[in-house]
Amino acid sequence: MEMAALPGEGIAGLSCERPTVPPYTFVSSSISGTSLQSFKTRVYYPLRAAPHKNKGWIRCQSSAAVQSPNVGVQSQGNPSLTGFLHIDDFDKDTILHILQRAAEVKSLIKSGDRSFQPFKGKTMAMIFAKPSMRTRVSFETGFFLLGGHAIYLGPNDIQMGKREETRDIARVLSRYNDLIMARVFAHQDILDLAKYSSVPVINGLSDYNHPCQIMADALTIIEHLGGLEGVKVVYVGDGNNIVHSWLLLAAVVPFHFVCACPKGFEPDCATVEKARNAGISKIEITNDPAEAVRGANVVYTDVWASMGQKDQASYRMERFKGFQVNESLMALASPKALFMHCLPAERGVEVTDGVIEAPNSVVFPQAENRVHAQNAIMLHALGF
(Lines give C-alpha, C1' and ligand atoms only; values in the text may rest on other atoms or scores of the structure.)
Protein backbone atom coordinates (compact mmCIF):
# COMPACT_ATOMS: atom_id res chain seq x y z
CA MET A 1 0.00 0.00 0.00
CA GLU A 2 1.54 3.30 -1.09
CA MET A 3 0.92 6.43 0.97
CA ALA A 4 1.90 9.92 -0.04
CA ALA A 5 3.47 12.27 2.47
CA LEU A 6 0.95 15.05 2.79
CA PRO A 7 2.38 18.50 2.06
CA GLY A 8 1.85 21.10 4.72
CA GLU A 9 0.93 18.45 7.26
CA GLY A 10 2.17 18.97 10.81
CA ILE A 11 5.28 20.90 11.81
CA ALA A 12 8.76 20.59 10.35
CA GLY A 13 12.08 22.44 10.34
CA LEU A 14 12.43 22.13 14.10
CA SER A 15 15.16 22.63 16.66
CA CYS A 16 15.49 22.10 20.40
CA GLU A 17 16.09 25.79 21.06
CA ARG A 18 13.48 27.40 23.25
CA PRO A 19 11.62 30.28 21.59
CA THR A 20 11.30 33.70 23.12
CA VAL A 21 7.53 33.43 23.56
CA PRO A 22 6.49 32.63 27.13
CA PRO A 23 5.64 29.03 27.96
CA TYR A 24 2.23 27.79 28.86
CA THR A 25 2.39 27.41 32.65
CA PHE A 26 0.12 25.38 34.84
CA VAL A 27 -0.22 26.44 38.48
CA SER A 28 -1.87 24.19 41.04
CA SER A 29 -2.46 25.08 44.68
CA SER A 30 -4.20 21.86 45.65
CA ILE A 31 -4.72 18.29 44.54
CA SER A 32 -8.00 16.68 45.51
CA GLY A 33 -8.35 18.72 48.68
CA THR A 34 -4.75 18.25 49.83
CA SER A 35 -2.88 21.52 50.20
CA LEU A 36 0.31 21.73 48.19
CA GLN A 37 2.84 24.40 47.53
CA SER A 38 2.36 26.18 44.23
CA PHE A 39 3.84 24.19 41.37
CA LYS A 40 4.80 25.86 38.13
CA THR A 41 5.16 23.14 35.55
CA ARG A 42 6.42 24.05 32.13
CA VAL A 43 4.30 21.90 29.85
CA TYR A 44 5.02 23.00 26.31
CA TYR A 45 6.34 25.76 24.12
CA PRO A 46 4.50 26.62 20.92
CA LEU A 47 7.12 26.42 18.17
CA ARG A 48 6.87 28.18 14.83
CA ALA A 49 6.64 25.93 11.80
CA ALA A 50 9.14 26.27 8.97
CA PRO A 51 8.37 25.44 5.34
CA HIS A 52 8.69 21.75 4.60
CA LYS A 53 9.48 20.28 1.24
CA ASN A 54 7.62 17.09 0.43
CA LYS A 55 10.20 14.47 -0.52
CA GLY A 56 7.68 12.19 -2.17
CA TRP A 57 6.18 8.84 -1.37
CA ILE A 58 6.24 7.03 1.90
CA ARG A 59 5.64 3.30 1.91
CA CYS A 60 3.53 1.58 4.54
CA GLN A 61 3.27 -2.21 4.25
CA SER A 62 1.94 -3.51 7.52
CA SER A 63 3.05 -7.06 8.23
CA ALA A 64 1.91 -6.87 11.83
CA ALA A 65 -0.41 -9.56 13.13
CA VAL A 66 -2.36 -6.90 15.00
CA GLN A 67 -4.64 -4.42 13.31
CA SER A 68 -6.25 -1.18 14.41
CA PRO A 69 -9.05 -2.14 16.82
CA ASN A 70 -12.50 -0.73 17.21
CA VAL A 71 -11.70 1.63 20.06
CA GLY A 72 -15.24 2.72 20.86
CA VAL A 73 -15.46 0.37 23.82
CA GLN A 74 -18.04 1.14 26.46
CA SER A 75 -18.34 -0.71 29.73
CA GLN A 76 -21.54 -2.68 30.12
CA GLY A 77 -21.13 -2.56 33.90
CA ASN A 78 -20.82 1.25 34.14
CA PRO A 79 -21.17 3.34 30.95
CA SER A 80 -19.63 6.42 32.65
CA LEU A 81 -16.27 4.72 33.36
CA THR A 82 -13.05 6.42 32.32
CA GLY A 83 -10.37 3.79 31.78
CA PHE A 84 -7.19 4.25 29.76
CA LEU A 85 -7.03 1.96 26.73
CA HIS A 86 -5.73 4.17 23.89
CA ILE A 87 -4.28 7.69 24.00
CA ASP A 88 -6.58 8.95 21.25
CA ASP A 89 -9.65 8.08 23.33
CA PHE A 90 -8.98 11.51 24.89
CA ASP A 91 -8.68 15.03 23.52
CA LYS A 92 -5.58 17.20 23.67
CA ASP A 93 -6.65 19.13 26.77
CA THR A 94 -7.22 15.92 28.71
CA ILE A 95 -3.87 14.41 27.71
CA LEU A 96 -2.04 17.62 28.64
CA HIS A 97 -3.97 17.75 31.91
CA ILE A 98 -2.88 14.20 32.77
CA LEU A 99 0.74 15.13 31.98
CA GLN A 100 0.35 18.23 34.16
CA ARG A 101 -0.87 16.11 37.06
CA ALA A 102 2.03 13.71 36.51
CA ALA A 103 4.53 16.57 36.87
CA GLU A 104 2.75 17.95 39.96
CA VAL A 105 2.50 14.65 41.80
CA LYS A 106 6.07 13.74 40.82
CA SER A 107 7.29 17.00 42.42
CA LEU A 108 5.34 16.19 45.56
CA ILE A 109 6.70 12.63 45.81
CA LYS A 110 10.28 13.71 45.09
CA SER A 111 10.00 16.30 47.88
CA GLY A 112 9.44 13.49 50.37
CA ASP A 113 5.89 14.59 51.20
CA ARG A 114 3.67 11.54 51.63
CA SER A 115 0.52 13.36 52.80
CA PHE A 116 -1.28 13.01 49.45
CA GLN A 117 -3.06 9.66 49.83
CA PRO A 118 -6.04 9.67 47.43
CA PHE A 119 -5.95 5.88 46.97
CA LYS A 120 -6.16 5.09 50.69
CA GLY A 121 -8.55 2.19 51.18
CA LYS A 122 -8.54 1.34 47.46
CA THR A 123 -7.22 -1.77 45.73
CA MET A 124 -6.05 -2.44 42.18
CA ALA A 125 -5.92 -5.84 40.49
CA MET A 126 -2.87 -6.13 38.22
CA ILE A 127 -3.28 -8.84 35.55
CA PHE A 128 0.00 -9.99 33.98
CA ALA A 129 -0.55 -12.40 31.12
CA LYS A 130 2.79 -11.03 29.90
CA PRO A 131 5.43 -10.58 32.65
CA SER A 132 7.33 -7.30 33.12
CA MET A 133 9.63 -5.81 35.73
CA ARG A 134 8.98 -2.14 34.89
CA THR A 135 5.22 -2.40 34.55
CA ARG A 136 4.74 -4.33 37.78
CA VAL A 137 7.12 -2.30 39.93
CA SER A 138 6.04 1.10 38.56
CA PHE A 139 2.31 0.45 38.98
CA GLU A 140 2.64 -1.25 42.36
CA THR A 141 5.02 1.39 43.72
CA GLY A 142 2.98 4.30 42.37
CA PHE A 143 -0.33 2.99 43.73
CA PHE A 144 1.31 2.36 47.13
CA LEU A 145 2.89 5.84 47.28
CA LEU A 146 -0.59 7.34 46.88
CA GLY A 147 -2.08 5.15 49.61
CA GLY A 148 -3.45 2.15 47.72
CA HIS A 149 -2.81 -1.59 47.66
CA ALA A 150 -2.04 -3.40 44.39
CA ILE A 151 -2.59 -7.14 43.91
CA TYR A 152 -0.33 -8.98 41.47
CA LEU A 153 -1.94 -11.73 39.37
CA GLY A 154 0.68 -13.54 37.30
CA PRO A 155 0.29 -15.64 34.15
CA ASN A 156 -0.52 -18.79 36.13
CA ASP A 157 -2.92 -17.10 38.55
CA ILE A 158 -5.68 -16.45 36.02
CA GLN A 159 -4.82 -17.95 32.60
CA MET A 160 -7.24 -15.50 31.05
CA GLY A 161 -9.36 -17.01 28.30
CA LYS A 162 -8.14 -20.54 29.10
CA ARG A 163 -9.19 -21.41 32.62
CA GLU A 164 -11.88 -18.74 32.73
CA GLU A 165 -13.48 -16.41 30.19
CA THR A 166 -12.24 -12.83 30.14
CA ARG A 167 -15.74 -11.40 30.63
CA ASP A 168 -16.19 -13.46 33.80
CA ILE A 169 -12.79 -12.39 35.16
CA ALA A 170 -13.68 -8.74 34.52
CA ARG A 171 -16.96 -9.00 36.40
CA VAL A 172 -15.44 -10.84 39.36
CA LEU A 173 -12.34 -8.64 39.78
CA SER A 174 -14.34 -5.44 39.46
CA ARG A 175 -16.47 -6.54 42.44
CA TYR A 176 -13.30 -6.94 44.53
CA ASN A 177 -11.28 -3.94 43.35
CA ASP A 178 -11.52 -0.26 42.48
CA LEU A 179 -9.28 -0.49 39.43
CA ILE A 180 -7.93 -3.10 37.00
CA MET A 181 -4.63 -2.87 35.16
CA ALA A 182 -3.79 -5.53 32.60
CA ARG A 183 -0.67 -6.36 30.59
CA VAL A 184 -1.70 -8.87 27.93
CA PHE A 185 -0.78 -10.33 24.57
CA ALA A 186 -4.04 -10.01 22.62
CA HIS A 187 -5.52 -6.51 22.49
CA GLN A 188 -8.99 -8.03 22.42
CA ASP A 189 -8.44 -9.10 26.03
CA ILE A 190 -8.08 -5.45 27.07
CA LEU A 191 -11.20 -4.52 25.12
CA ASP A 192 -13.17 -7.36 26.71
CA LEU A 193 -11.99 -6.48 30.21
CA ALA A 194 -13.09 -2.87 29.69
CA LYS A 195 -16.41 -3.93 28.18
CA TYR A 196 -17.46 -6.16 31.06
CA SER A 197 -15.76 -4.45 34.03
CA SER A 198 -17.69 -2.17 36.37
CA VAL A 199 -14.46 -0.35 37.36
CA PRO A 200 -11.91 1.49 35.17
CA VAL A 201 -9.44 -0.64 33.19
CA ILE A 202 -5.93 0.57 32.34
CA ASN A 203 -4.01 -0.89 29.41
CA GLY A 204 -0.58 -1.84 30.79
CA LEU A 205 0.39 -3.17 27.34
CA SER A 206 -1.12 -5.20 24.54
CA ASP A 207 0.17 -6.46 21.23
CA TYR A 208 -1.48 -3.41 19.62
CA ASN A 209 -0.42 -0.51 21.83
CA HIS A 210 1.37 0.63 25.00
CA PRO A 211 -0.25 3.93 26.04
CA CYS A 212 1.23 4.19 29.55
CA GLN A 213 4.77 3.95 28.16
CA ILE A 214 4.19 6.74 25.65
CA MET A 215 2.66 8.98 28.32
CA ALA A 216 5.84 8.48 30.35
CA ASP A 217 7.87 9.23 27.22
CA ALA A 218 5.92 12.44 26.61
CA LEU A 219 6.51 13.53 30.21
CA THR A 220 10.24 12.87 29.77
CA ILE A 221 10.43 14.92 26.56
CA ILE A 222 8.57 17.81 28.21
CA GLU A 223 11.02 17.75 31.12
CA HIS A 224 14.14 17.72 28.95
CA LEU A 225 13.14 19.79 25.91
CA GLY A 226 10.62 22.14 27.47
CA GLY A 227 7.71 20.80 25.44
CA LEU A 228 6.35 18.19 23.07
CA GLU A 229 4.56 20.22 20.44
CA GLY A 230 6.68 20.66 17.32
CA VAL A 231 9.38 18.20 18.43
CA LYS A 232 10.69 15.75 15.83
CA VAL A 233 10.54 12.23 17.27
CA VAL A 234 12.18 9.52 15.17
CA TYR A 235 11.59 5.86 15.99
CA VAL A 236 14.04 3.39 14.43
CA GLY A 237 13.17 -0.30 14.41
CA ASP A 238 10.10 -2.54 14.34
CA GLY A 239 6.70 -0.94 13.66
CA ASN A 240 5.28 -2.39 16.85
CA ASN A 241 2.92 -1.44 19.69
CA ILE A 242 5.21 1.40 20.76
CA VAL A 243 4.93 2.94 17.29
CA HIS A 244 1.14 2.54 17.31
CA SER A 245 0.91 4.48 20.57
CA TRP A 246 3.18 7.24 19.22
CA LEU A 247 0.89 7.46 16.20
CA LEU A 248 -2.20 7.69 18.41
CA LEU A 249 -0.56 10.45 20.46
CA ALA A 250 0.25 12.25 17.19
CA ALA A 251 -3.46 12.15 16.39
CA VAL A 252 -4.06 14.31 19.48
CA VAL A 253 -0.97 16.48 20.13
CA PRO A 254 0.95 18.13 17.26
CA PHE A 255 4.52 17.01 16.71
CA HIS A 256 6.58 15.46 13.90
CA PHE A 257 6.71 11.67 14.09
CA VAL A 258 8.88 9.51 11.83
CA CYS A 259 9.07 5.71 11.90
CA ALA A 260 12.06 4.17 10.11
CA CYS A 261 11.69 0.42 9.76
CA PRO A 262 12.73 -2.36 7.36
CA LYS A 263 10.39 -3.19 4.50
CA GLY A 264 7.69 -5.53 5.72
CA PHE A 265 7.93 -4.33 9.32
CA GLU A 266 5.91 -1.12 9.00
CA PRO A 267 3.22 -0.24 11.55
CA ASP A 268 -0.45 -1.02 11.05
CA CYS A 269 -1.64 0.93 8.00
CA ALA A 270 -5.02 1.82 9.47
CA THR A 271 -3.31 3.37 12.50
CA VAL A 272 -0.96 5.36 10.25
CA GLU A 273 -3.94 6.63 8.25
CA LYS A 274 -5.82 7.46 11.43
CA ALA A 275 -2.92 9.61 12.66
CA ARG A 276 -2.58 11.33 9.27
CA ASN A 277 -6.29 11.91 8.84
CA ALA A 278 -6.47 13.62 12.23
CA GLY A 279 -4.54 16.46 10.56
CA ILE A 280 -2.70 17.26 13.80
CA SER A 281 0.88 16.09 13.23
CA LYS A 282 3.31 15.40 10.43
CA ILE A 283 3.61 11.63 10.00
CA GLU A 284 6.28 9.84 7.99
CA ILE A 285 6.97 6.14 7.48
CA THR A 286 10.27 5.35 5.78
CA ASN A 287 12.74 2.53 5.20
CA ASP A 288 15.78 4.85 5.43
CA PRO A 289 16.98 5.37 9.03
CA ALA A 290 19.77 7.79 8.07
CA GLU A 291 17.38 10.13 6.27
CA ALA A 292 14.81 9.76 9.04
CA VAL A 293 17.04 10.91 11.92
CA ARG A 294 18.37 14.04 10.24
CA GLY A 295 17.46 16.95 12.49
CA ALA A 296 15.70 14.71 15.02
CA ASN A 297 15.15 16.07 18.52
CA VAL A 298 14.49 12.56 19.86
CA VAL A 299 15.77 9.21 18.56
CA TYR A 300 13.89 6.21 19.95
CA THR A 301 14.26 2.47 19.54
CA ASP A 302 13.03 -0.82 20.98
CA VAL A 303 14.10 -4.46 20.82
CA TRP A 304 13.83 -6.07 17.39
CA ALA A 305 12.17 -9.23 18.72
CA SER A 306 9.67 -8.63 21.52
CA MET A 307 8.35 -11.16 24.01
CA GLY A 308 6.51 -13.79 22.00
CA GLN A 309 8.76 -13.20 18.96
CA LYS A 310 12.00 -14.71 20.26
CA ASP A 311 11.70 -17.61 17.84
CA GLN A 312 12.10 -15.01 15.07
CA ALA A 313 15.22 -13.41 16.61
CA SER A 314 17.73 -14.73 14.04
CA TYR A 315 15.50 -13.84 11.11
CA ARG A 316 14.84 -10.37 12.48
CA MET A 317 18.55 -9.82 13.20
CA GLU A 318 19.21 -10.29 9.50
CA ARG A 319 16.30 -8.14 8.33
CA PHE A 320 17.12 -5.27 10.71
CA LYS A 321 20.73 -4.83 9.62
CA GLY A 322 21.39 -1.13 9.20
CA PHE A 323 18.75 -0.13 11.76
CA GLN A 324 20.96 -0.18 14.85
CA VAL A 325 21.02 3.13 16.71
CA ASN A 326 24.76 3.73 17.01
CA GLU A 327 27.04 6.73 17.34
CA SER A 328 27.12 7.30 13.56
CA LEU A 329 23.32 7.41 13.33
CA MET A 330 22.99 9.70 16.36
CA ALA A 331 25.50 12.08 14.76
CA LEU A 332 22.92 12.80 12.03
CA ALA A 333 20.35 14.01 14.57
CA SER A 334 20.27 17.44 16.19
CA PRO A 335 23.38 18.09 18.33
CA LYS A 336 21.42 17.84 21.59
CA ALA A 337 19.05 15.08 20.48
CA LEU A 338 17.78 12.80 23.21
CA PHE A 339 18.08 9.03 22.99
CA MET A 340 15.14 7.02 24.33
CA HIS A 341 14.41 3.32 24.77
CA CYS A 342 11.41 1.76 26.52
CA LEU A 343 13.61 -1.08 27.89
CA PRO A 344 14.64 -3.81 28.29
CA ALA A 345 17.45 -3.17 25.81
CA GLU A 346 19.61 -5.69 24.02
CA ARG A 347 22.85 -3.75 24.05
CA GLY A 348 24.90 -4.30 20.93
CA VAL A 349 21.81 -5.27 18.93
CA GLU A 350 19.28 -2.45 18.41
CA VAL A 351 21.47 0.08 20.25
CA THR A 352 25.14 0.32 21.11
CA ASP A 353 26.40 0.53 24.67
CA GLY A 354 27.94 3.91 23.86
CA VAL A 355 24.60 5.43 22.83
CA ILE A 356 22.62 4.12 25.78
CA GLU A 357 25.29 5.37 28.21
CA ALA A 358 25.82 8.75 26.49
CA PRO A 359 25.05 12.01 28.34
CA ASN A 360 22.04 12.68 26.08
CA SER A 361 20.49 9.29 26.84
CA VAL A 362 17.41 9.66 29.04
CA VAL A 363 16.40 5.99 29.24
CA PHE A 364 16.52 5.85 33.04
CA PRO A 365 14.61 9.09 33.73
CA GLN A 366 12.21 7.74 31.08
CA ALA A 367 11.83 4.49 33.03
CA GLU A 368 11.28 6.39 36.30
CA ASN A 369 8.54 8.44 34.70
CA ARG A 370 6.46 5.30 34.24
CA VAL A 371 5.58 5.70 37.94
CA HIS A 372 4.56 9.34 37.63
CA ALA A 373 2.68 9.16 34.32
CA GLN A 374 0.77 6.11 35.53
CA ASN A 375 -0.05 7.78 38.84
CA ALA A 376 -1.67 10.61 36.87
CA ILE A 377 -3.53 8.14 34.66
CA MET A 378 -4.85 6.32 37.73
CA LEU A 379 -5.87 9.62 39.35
CA HIS A 380 -7.79 10.52 36.20
CA ALA A 381 -9.41 7.08 35.95
CA LEU A 382 -10.58 7.21 39.56
CA GLY A 383 -11.90 10.75 39.27
CA PHE A 384 -9.33 12.62 41.38
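Sequential numbering from 1 along the given sequence is applied to the chain's residues.
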*Asks:* Do Phe84 and Ile87 touch side chain to side chain, with heavy atoms closer than 4.5 Å?
*Replies:*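 Yes. Closest side-chain heavy atoms under 4.5 Å.
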
*Asks:* Roughly how far apart are Ile190 CD1 and Leu85 CG, rounded to 0.5 Å?
*Replies:*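 If we round to the nearest 0.5 Å, Ile190:CD1 and Leu85:CG are 6.5 Å apart.
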
*Asks:* How close do Pro365 and Val362 get, counting heavy atoms only, and between which atoms?
*Replies:*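 Minimum heavy-atom contact is CD-O, 3.3 Å.
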
*Asks:* Under 4.5 Å between any side-chain heavy atoms of Val231 and His256, yes or no?
*Replies:* no

*Asks:* Is it the case that more than 12 heavy atoms not belonging to Arg347 sit under 6.0 Å from its CZ atom?
*Replies:*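 Atom CZ in Arg347 is crowded, with more than 12 foreign heavy atoms closer than 6.0 Å.
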
*Asks:* Roughly how far, to the nearest 0.5 Å, is the NE2 atom of His372 from the CZ atom of Arg101?
*Replies:* 14.5 Å

*Asks:* Can you name the one residue among Leu96, Ile95, Ile280 that meets side chain to side chain contact (heavy atoms under 4.5 Å, CB included) with Val252?
*Replies:*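 Running side chain to side chain contact (heavy atoms under 4.5 Å, CB included) over Leu96, Ile95, Ile280 with Val252 returns exactly one hit, Ile95.
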
*Asks:* Walk me through it: do Lys110 and Glu368 pass the test salt bridge (charged side-chain N to carboxylate O under 4.0 Å, His left out)?
*Replies:* CA-CA 11 Å; Lys110 300 288 272 188; Glu368 178 190 345; 2.9 Å; yes

*Asks:* When you measure from the side chain of Ser138 to the backbone N and O of Arg134, does any donor-acceptor pair fall under 3.5 Å?
*Replies:* yes

*Asks:* Under 3.5 Å, is there a donor-acceptor pair linking the side chains of Tyr196 and Ser174?
*Replies:*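 No, no side-chain donor-acceptor pair sits under 3.5 Å.
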
*Asks:* State whether the number of non-hydrogen atoms from other residues, nucleotides or ligands found under 6.0 Å of Tyr152 atom OH is greater than 12.
*Replies:* yes

*Asks:* Are the side chains of Arg167 and Lys195 in contact, using a 4.5 Å heavy-atom criterion?
*Replies:* no

*Asks:* In terms of hydrophobic clustering (I, L, V, M, F, W, Y; side-chain heavy atoms under 4.5 Å; direct or indirect links), are Val137 and Met124 co-clustered?
*Replies:* no

*Asks:* Considering non-hydrogen atoms only, spot the tightest contact between Ala345 and Ile356 and give its length.
*Replies:*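 Between these two residues, the closest heavy atoms are CB-CD1, 3.7 Å.
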
*Asks:* Would you check if the distance from the ring center of Tyr300 to the ring center of Phe339 is below 6.0 Å?
*Replies:*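 Judged by ring-centre distance (under 6.0 Å), Tyr300 and Phe339 do not meet the cut-off.
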
*Asks:* Please find the pair of heavy atoms, one from Gly230 and one from Asn297, that lie closest to each other, and give the distance.
*Replies:*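 Distance-wise, the nearest heavy atoms are O-OD1, 4.4 Å.
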
*Asks:* Looking only at side chains, do Ser197 and Arg171 share a donor and an acceptor under 3.5 Å apart?
*Replies:*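 Their side chains do not contain a donor-acceptor pair, so the 3.5 Å distance test is not met.
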
*Asks:* Side chain of Ser334, backbone of Ala337: donor and acceptor closer than 3.5 Å?
*Replies:*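 No; judged by distance alone, with no hydrogens or angles, the pair does not exist.
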
*Asks:* Please evaluate residues Leu145 and Val105 with respect to the criterion side-chain contact (heavy atoms from CB on, under 4.5 Å), reporting the C-alpha separation (whole Å), side-chain torsions for both, the decisive distance (0.1 Å), and the verdict.
*Replies:* CA-CA 10 Å; Leu145 286 172; Val105 178; over 6 Å; no

*Asks:* Honestly curious: do Leu379 and Val371 fall in one hydrophobic cluster under the side-chain, below-4.5 Å linking rule?
*Replies:*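 In one cluster: no.
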
*Asks:* Give a yes or no on whether a salt bridge exists between Glu223 and Lys106, defined as a side-chain N under 4.0 angstrom from a carboxylate O.
*Replies:*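 A salt bridge links Glu223 with Lys106.
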
*Asks:* Will you find, in the side chains of Asp91 and Thr94, an N or O donor that is under 3.5 Å from an N or O acceptor?
*Replies:* yes

*Asks:* Between atom CG of Leu193 and atom CD1 of Ile202, what is the distance when rounded to the nearest 0.5 Å?
*Replies:*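 Leu193 atom CG to Ile202 atom CD1 measures 12.5 Å (nearest 0.5 Å).
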
*Asks:* Is it the case that one hydrophobic cluster holds both Leu382 and Phe116, taking links as side-chain heavy atoms less than 4.5 Å apart, direct or via other members?
*Replies:*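 Result: yes, single cluster for both.
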
*Asks:* Considering only heavy atoms from C-beta outward, does the side chain of Asn287 approach that of Glu266 to under 4.5 Å?
*Replies:* yes

*Asks:* Does this structure show an ion pair linking Asp88 with Lys274, if we count only N-O contacts that are shorter than 4.0 Å?
*Replies:*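 Here Asp88 pairs with Lys274 in a salt bridge, since their nearest N and O are under 4.0 Å apart.
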
*Asks:* Given side chains that start at C-beta, do those of Val233 and Ile221 come closer than 4.5 Å, heavy atoms only?
*Replies:*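 Of all side-chain heavy-atom pairs linking Ile221 with Val233, at least one is under 4.5 Å.
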
*Asks:* Quick one: are Asp302 and Tyr235 in side-chain contact, heavy atoms under 4.5 Å?
*Replies:*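 Asp302 reaches Tyr235 side chain to side chain.
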
*Asks:* Donor-acceptor check, side chain of Ser281 to backbone of Ile283, threshold 3.5 angstrom: yes or no?
*Replies:* no

*Asks:* So, the side chain of His224 versus the backbone of Thr220: is there a donor-acceptor pair under 3.5 Å, distance only?
*Replies:*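 Side chain of His224 to backbone of Thr220, a donor-acceptor pair under 3.5 Å: yes, one is there.
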
*Asks:* Donor-acceptor check, side chain of Thr301 to backbone of Val236, threshold 3.5 angstrom: yes or no?
*Replies:*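 Looks like yes, one N/O pair under 3.5 Å.
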
*Asks:* Please state whether the rings of Phe257 and Trp246 are parallel, tilted or perpendicular, taking 30° and 60° as the class boundaries.
*Replies:* parallel

*Asks:* Looking at Arg294, is its backbone amide N or carbonyl O close enough to the side chain of Lys232 to form a donor-acceptor pair, meaning the two atoms are under 3.5 Å apart?
*Replies:* yes

*Asks:* For residues His86 and His187, establish whether the separation of their ring centroids is below 6.0 Å.
*Replies:* yes

*Asks:* Does the ring centre of His149 sit less than 6.0 Å away from the ring centre of Phe119?
*Replies:*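 Here the rings of His149 and Phe119 have centres that are no less than 6.0 Å from each other.
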
*Asks:* Can you measure from OG1 (Thr135) to CE (Met181) and round to the nearest 0.5 angstrom?
*Replies:* 6.5 Å

*Asks:* Determine, step by step, whether Asp217 and Val298 satisfy the side-chain contact (heavy atoms from CB on, under 4.5 Å) criterion, reporting the C-alpha distance in whole Å, the side-chain angles of both residues, the deciding distance to 0.1 Å, and the verdict.
*Replies:* CA-CA 10 Å; Asp217 298 343; Val298 177; over 6 Å; no

*Asks:* Hey, could you give me the CG/CD1 distance between Leu228 and Ile222, rounded to the nearest 0.5 Å?
*Replies:* 5.5 Å

*Asks:* Will you find, in the side chains of Ser115 and Asp113, an N or O donor that is under 3.5 Å from an N or O acceptor?
*Replies:* yes

*Asks:* Taking the inter-plane angle between the rings of Trp304 and Phe320 on a 0 to 90° scale, is it parallel (under 30°), tilted (30 to 60°) or perpendicular (over 60°)?
*Replies:* parallel

*Asks:* Would you please test Gln366 and Gln213 for side-chain contact (heavy atoms from CB on, under 4.5 Å) and show each step?
*Replies:* CA-CA 9 Å; Gln366 176 188 1; Gln213 176 67 58; 3.6 Å; yes

*Asks:* For Ala292 and Val258, which heavy atoms make the closest approach, and how far apart are they?
*Replies:* CB-CG1, 3.7 Å

*Asks:* Between Leu248 and Leu205, is there shared hydrophobic-cluster membership here, with clusters defined by ILVMFWY side-chain heavy atoms closer than 4.5 Å?
*Replies:* no

*Asks:* Is a donor from one side chain sitting under 3.5 angstrom from an acceptor on the other, for Gln374 and Asn369?
*Replies:*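 Looking only at side-chain atoms, Asn369 and Gln374 do not form any donor-acceptor pair under 3.5 Å.
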
*Asks:* Which heavy atom of Ala373 sits nearest to which heavy atom of Met215, and what is that distance?
*Replies:* CB-C, 3.9 Å

*Asks:* side-chain contact (heavy atoms from CB on, under 4.5 Å) for Lys282 and Phe255? Distances and angles first, verdict last.
*Replies:* CA-CA 7 Å; Lys282 178 175 177 58; Phe255 61 98; over 6 Å; no

*Asks:* Please check if any side-chain donor atom of Gln324 sits under 3.5 Å from a side-chain acceptor atom of Thr352, or the reverse.
*Replies:*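 No pair is found: no donor N or O on one side chain lies under 3.5 Å from an acceptor on the other.
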
*Asks:* Can you tell me how far apart CE (Met133) and CZ (Arg136) are? Round to the nearest 0.5 Å.
*Replies:*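 Reported to 0.5 Å precision, the distance equals 12.0 Å.
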
*Asks:* Would a distance-only check, ignoring hydrogens and angles, find a side-chain to backbone donor-acceptor pair under 3.5 Å from Ser111 to Leu108?
*Replies:*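 Yes; judged by distance alone, with no hydrogens or angles, the pair exists.
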
*Asks:* Measuring only between side-chain heavy atoms, which start at C-beta, is Arg183 closer than 4.5 Å to His210?
*Replies:* yes

*Asks:* Using side-chain heavy atoms (C-beta onward) and a distance below 4.5 Å, is Met378 in contact with Leu179?
*Replies:*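 In short, these two side chains touch, coming nearer than 4.5 Å.
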
*Asks:* Asp168 side chain to Glu164 main-chain N or O, any donor-acceptor pair under 3.5 Å?
*Replies:*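 No, because the side chain of Asp168 does not come within donor-acceptor range (under 3.5 Å) of the backbone of Glu164.
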
*Asks:* Is there a donor-acceptor pair under 3.5 Å between the side chain of His341 and the backbone N or O of Val363?
*Replies:* no

*Asks:* Please find the pair of heavy atoms, one from Ser206 and one from Asn241, that lie closest to each other, and give the distance.
*Replies:*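 That closest heavy-atom pairing would be O-ND2, 2.9 Å.
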
*Asks:* For Ile242, is there any backbone N or O sitting under 3.5 Å from a side-chain donor or acceptor partner on Asn240?
*Replies:* yes

*Asks:* Report whether Phe364 and Val355 are members of the same hydrophobic cluster (ILVMFWY, side-chain heavy atoms less than 4.5 Å apart, transitive linking).
*Replies:*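 Cluster IDs for Phe364 and Val355 match.
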
